[in-house]
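The structure under discussion appears below in the form of structure tokens.
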Number of protein chains: 2
Amino acid sequence: MGLVEMSDAGRRGNPRVTSFDVAERAGVSQSTVSRALSGSPSITSGTRERVLAAASELGYQVDHRASQLRTGKTATVAVVVLRRPDDTVHTSNPFYFELLGCICEAAASRDLDTLVSLQSEDGDLFGDYVGRGQADGTIVIGSATNSDAWAYFRELQDDDNNVVFWGSPFDDGRRVRSDNYAGGRLATRHLLDRGYRRIGFVGPIGTRHTQFVERYKGYCDELEKEGLKPVALPDYPDDDRVGQGRHAARELRQKEPEIQAFFAASDQLAFGVLQELQEAGVSIPDQIGVVGFDGMASGALCSPPLTTIAPDLREAAKLLLQGAIDRVEHPDERAPVKLVVRSSS
Amino acid sequence: MGLVEMSDAGRRGNPRVTSFDVAERAGVSQSTVSRALSGSPSITSGTRERVLAAASELGYQVDHRASQLRTGKTATVAVVVLRRPDDTVHTSNPFYFELLGCICEAAASRDLDTLVSLQSEDGDLFGDYVGRGQADGTIVIGSATNSDAWAYFRELQDDDNNVVFWGSPFDDGRRVRSDNYAGGRLATRHLLDRGYRRIGFVGPIGTRHTQFVERYKGYCDELEKEGLKPVALPDYPDDDRVGQGRHAARELRQKEPEIQAFFAASDQLAFGVLQELQEAGVSIPDQIGVVGFDGMASGALCSPPLTTIAPDLREAAKLLLQGAIDRVEHPDERAPVKLVVRSSS
DNA sequence: CTGAAAGCGCTTACAG
DNA sequence: CTGAAAGCGCTTACAG
């Protein structure tokens, strides 16, 4: 049958089925096809049905390149994931993959496509997907240690108002962050409530990563209420986060043999702390308690399962999209955090 | 200066800077701009430089919608990540995020963009990004339990030759898989070499997920060489993978009190096994050894760190791209696997 | 309610 | 080596 033949030909896609083919089959003009398919209210339901039938028989799909070119929109959000030059999938911080997943989800629920670009901060940086007509807005995530990378994306942000960061070393600009201060207090309060008094802080607070400083401040303020003093390390080795956690746990225990708990300012750091303590034969949470920060899925799998501060990543994704696509100007937007109690505290 | 003003206007992107603007500024025709920018060899180096200068002064970027529409190409690969209906970022299998990351990387190294779509297998399925002119090929990853989802994507695959699966329940079709059989043998051989003799298999081999069956077969064959018998469970509860692992470890130990090791056919299952054994006070690897499968990053973080079979995900990504973009017909393509020894065995 | 026509911004034969 | 022009497949004023 002709029907079947055309259907096959259409779906194989070469040559491309266009709205003119649908129009011919439905016995209407091409503009009517376009209107019927886009749900224009001016089209008669009878006409619409004939068009829909013809389109489905031919396996017709609107060409997004053409419609986007015509309308000037893309219905797409670009996500740049910044990575360290030597990152592989196995070493890169899984937190950003979790956040990426939430952005994809949030975008899908708004009928947006997601264009993902992993970029090494030392490689060729590119972020002007909007200028290229590939996206309506851009979200940059990832924790860059390379300031060239931040400089590049910051300039991009200055030129356009559709670029939003997750975390950035700058105090201005369009960005979304966790409520780090509240999280720091939450973690510390939890440890205090559990009876730990001498609590060490694990995290590089001398860096450009302001989230650590904010978490540290929450920790200090909560300790101060009890008249307790912070215990932290001034310097960190040039190691990965897990290694830094191990190192800090070791040093802090030497510095403060009476230490009873650690608040690690990221889950990756906390994993290092956990490893160090277990190798030292310390019982967790009996002798020493540990709380992390990030709410990573793998925290539930490690041993003991890690108590952590979990930012609401779905909310974060929603806010990022509002900034990038709706161009909402948030003054200093924060994703709420919550305490997830597991067995390490 | 005029220069600066135009530059600003251009970068702000409204109204859009086109190749006609660049042409005017460079004193050439629009077609010459296009040729110069695309690297056509017929352009004089002098002309090219003037065009490049004008383009950069205006902050000009080629509009991808227009160029793609004209050429019929997209330089984009679509990746569909299938998820269970109730999956959140925290419960979904991180393996697929690792694979997704590798695909993004491999695509970038081939100058392809990556369009990512997370889809719930019970929701609205869509995969015809090629038909829409949004991608040149499509990769479907994720482990669907819902056969409707597979049916949909299989039909898509039948209609076009640019859809490739990672793992699928079908015995035909275009797909890439791990070398599961070799991995099963590798894991089992490793446990035997370590001196474990009574080795249990953890994994649902009665399901449509053929990878478990293939791993099981490798396990059986390797045991047989030593005259040993397999120990496995016929049924699995309707739980998540970690829960299934816990359940299996418990049952298997009741069934075979002499059991000395477990080969868990996925890392998620292995995490459950680890949890169950630790709660039972079993010392790993002294009393019981454990090997997983998938090479997940979180395996290095759990306690004890998990010995596992790691598929070469970068190679897998390369093969998937060859199938989707280059339309290479692999008969039954396998990503190589290797043994990663950590402390659980 | 529907059609004919313009135009989104490119690439690429076709001329010269 | 460069230019004028056609055309990729749509959407949307503008008419009727």
Taking the side chain of A:Leu69 as its heavy atoms from C-beta onward, which of D:dT2, C:dT2, D:dG9 lies nearest to it?
->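 Among the listed nucleotides, the one closest to the side chain of A:Leu69 is D:dG9.
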Got a donor-acceptor contact below 3.5 angstrom from the B:Arg65 side chain to the A:Gly72 backbone?
->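 Indeed, once roles are kept as given, a pair shorter than 3.5 Å links the two residues.
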Could you tell me whether B:Glu333 and B:Arg177 make a salt bridge, using a distance below 4.0 angstrom between a side-chain N and a carboxylate O?
->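 A salt bridge is absent here (no side-chain N lies under 4.0 Å from a carboxylate O).
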First of B:Arg35 and B:Val62 reached from the 5' end of DNA chain C, by closest nucleotide =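 Nearest nucleotide further toward 5': that of B:Val62.
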Would you please test B:Thr74 and B:Tyr129 for side chain to side chain donor-acceptor pair (under 3.5 Å) and show each step?
-> CA-CA 10 Å; B:Thr74 69; B:Tyr129 294 97; over 6 Å; no
Interatomic distance where [atom1] belongs to [X] and [atom2] belongs to [N] [whole Å]:
X        : N     : atom1 : atom2 : value
A:Asp21  : D:dC8 : CG    : P     : 11 Å
A:Arg16  : D:dG7 : CZ    : P     : 18 Å
B:Arg132 : D:dG9 : CZ    : P     : 17 Å
A:Arg70  : D:dG9 : CZ    : P     : 16 Å
A:Tyr60  : D:dG9 : OH    : P     : 10 Å

Quick check on [N]: is either OP1 or OP2 less than 4.0 Å from any side-chain nitrogen or oxygen of [X]?
X       : N     : result
A:Thr47 : C:dT2 : yes
A:Ser19 : D:dG9 : no
B:Thr32 : D:dT2 : no

Once you apply a heavy-atom cut-off of 4.0 Å, does [X] come out as touching a base, just sugar-phosphate, or nothing?
X       : result
B:Ser34 : base
A:Ser31 : base
B:Ser38 : nothing

Report yes or no: do B:Ser40 and B:Ser38 form a side-chain donor-acceptor pair below 3.5 Å?
->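 No, because no side-chain N or O of B:Ser40 sits under 3.5 Å from a partner of the opposite role on B:Ser38.
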Would you write out the dot-bracket form of DNA chain D, 5' to 3', with Watson-Crick and G-U pairs under 3.5 Å, [ ] for crossing pairs, | for pairs to other strands and . for unpaired bases?
-> |||.||||||||.|||
Atom CD of A:Glu315 with >12 non-hydrogen neighbours under 6.0 angstrom =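 Yes, because the 6.0 Å sphere around CD of A:Glu315 holds more than 12 heavy atoms from other groups.
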Less than 3.5 Å between a donor and an acceptor, one on the side chain of A:Arg65 and one on the base of C:dG9, is that the case here?
->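 No, no donor-acceptor pair under 3.5 Å.
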Hey, does the Lys NZ or Arg CZ of A:Arg83 hover above the aromatic six-ring of A:Tyr96, less than 6.0 Å from the centre and inside 45° of the axis?
->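 No, A:Arg83 does not sit over the ring of A:Tyr96.
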A:Arg25 to A:Phe20 six-membered ring, cation-pi geometry met (6.0 Å, 45°) =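 No, cation not above the ring by the 6.0 Å, 45° rule.
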